[in-house]
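See structure below.
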Amino acid sequence: MDIVLNYADHYVFTPFVYPTSWPEDGALRQIISLLIVTNLGASVIYILFGMFSYYFIFDHRLMKHPQFLPNQVRREIHCAMHSMPWISIPTVALFFAEVRGYSKLYDHIEDSPFGWFGVILSMVSFLFFTDMCIYWIHRFLHHKLIYKYFHKPHHVWKIASPFASHAFHPVDGFLQSIPYHIYPFLFPLHKVVYLGLYILVNIWTISIHDGDYRVPKLFEDSINGSAHHTDHHLFFDYNYGQYFTLWDRIGGSYKYPSSFEGKGPHDYLRKMEAEAKLRNGSPSSGRPGDSASNGKASKEE
């Protein structure tokens, strides 16, 4: 985060925000700067990539689903934008510790314990470490004693849009982000790689809420994509993972996506449309599998 902070200080904060008499490495200045950068950066990533996904990837037919709420997109954005400033407070405390040199982040490839191999290894281990931690944190948030207080607001969105990705209760949002922030305190990680992974994580979070269930057949059983996460929202006790299905399989909470079995939200909508046409007295049209009376559900495309 100090890379972003240095650029922000050089091009924006000095002299437009802070007087030149304030030292750039002053604790108060760094904390204020981190609050600004964290809130602005998170909002830009959320809105920018959320809009891209909403307009170019999200299937807007899902908005006709009975479980898609009235004014849901507006409500998702409202929830996310109100939660982010609160989430940023403990997040900035961790970023501040990183900037002050308490983490294992490093600047140069030469500082990597194993050179370029160490950089690549750290990227892979970051994904598997955070996926493991988030699985257990997420599952903990589903415990009946705390679910209704912290995680239930996110499950309001049964059929999510990309903007539901960050629509959390602040405590929920921060708890699920902790693994990303504690990794560089435990393991060496290049600063640029860390920044890239931070952005990637946010994009992935948007992608598993985008309603596009397509995934290469080879990865259907291993990657926790939008189809898997949609079933988590719909059926509650399954598919807690973030990137992979590994820990759901270990923890006994894996569910093969209903969309891959022809029983997903799109299939439900097609059945509704076919039934509506039959009620109106017009013949059902469309591709094979669209009719609810043919006894066979179509595969999700």
Side-chain angles (χ1 to χ4, degrees), residues 1-51 77-108 111-112 119 122-123 126-127 129-130 133-134 137 150 163 165-206 242:
M1 187 54 67
D2 59 342
I3 296 175
V4 178
L5 199 60
N6 289 337
Y7 274 97
D9 261 326
H10 183 75
Y11 292 105
V12 180
F13 296 149
T14 305
F16 302 109
V17 177
Y18 303 115
T20 54
S21 58
W22 283 30
E24 288 189 10
D25 60 352
L28 179 60
R29 173 170 174 162
Q30 287 181 335
I31 291 170
I32 295 173
S33 299
L34 284 169
L35 279 168
I36 296 171
V37 168
T38 301
N39 277 280
L40 185 60
S43 298
V44 168
I45 291 171
Y46 170 65
I47 294 297
L48 183 64
F49 288 101
M51 286 179 62
I77 296 172
H78 181 270
C79 177
M81 297 307 291
H82 276 73
S83 294
M84 283 183 189
W86 294 104
I87 296 173
S88 73
I89 294 172
T91 301
V92 163
L94 293 169
F95 283 154
F96 179 68
E98 291 171 10
V99 169
R100 302 298 279 193
Y102 293 101
S103 71
K104 296 180 181 293
L105 291 168
Y106 56 87
D107 291 285
H108 307 291
D111 299 324
S112 168
V119 174
S122 67
M123 294 169 65
F126 176 92
L127 295 177
F129 173 83
T130 54
C133 293
I134 289 171
I137 291 170
F150 301 124
F163 292 109
S165 58
H166 292 64
F168 289 101
H169 184 285
V171 173
D172 183 3
F174 176 67
L175 286 177
Q176 294 203 58
S177 72
I178 285 177
Y180 309 127
H181 302 304
I182 66 170
Y183 180 94
F185 287 95
L186 301 174
F187 309 102
L189 186 63
H190 194 284
K191 290 180 179 178
V192 174
V193 172
Y194 180 46
L195 185 60
L197 288 169
Y198 179 78
I199 295 172
L200 177 64
V201 162
N202 281 275
I203 295 173
W204 181 264
T205 304
I206 292 170
Q242 180 74 349

Would you indicate whether the side-chain heavy atoms of [Y] and [X] approach each other to under 4.5 Å?
X	Y	value
Phe49	Asn202	no
Leu186	Phe129	yes
Phe174	Leu94	yes

Any donor and acceptor pair, going by atom type alone, linking the side chain of [X] with main-chain N or O of [Y] inside 3.5 Å?
X	Y	answer
Tyr46	Phe163	yes
Ser33	Gln30	no
Thr38	Leu35	no
Ser122	Val119	yes
Trp204	Gln242	yes

Open item on the list: Is the ring pair Tyr106/His190 parallel, tilted or perpendicular, if the boundaries are 30 and 60 degrees?
Closed with: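 Rings of Tyr106 and His190: perpendicular, as their planes differ by over 60°.
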TODO: List the atom of Met81, the atom of Ser43, and the distance in Å for their closest heavy-atom pair.
DONE: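 Of all heavy-atom pairs spanning Met81 and Ser43, the closest is CE-OG, 3.5 Å.
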Task: Greater than 12 external heavy atoms within 6.0 Å of Tyr102's OH - done: no
Open item on the list: If you take the centroid of each ring, where Trp contributes its six-membered ring, are Phe168 and Phe150 closer together than 6.0 Å?
Closed with: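 No, the ring of Phe150 stays outside the 6.0 Å limit from the ring of Phe168, centre to centre.
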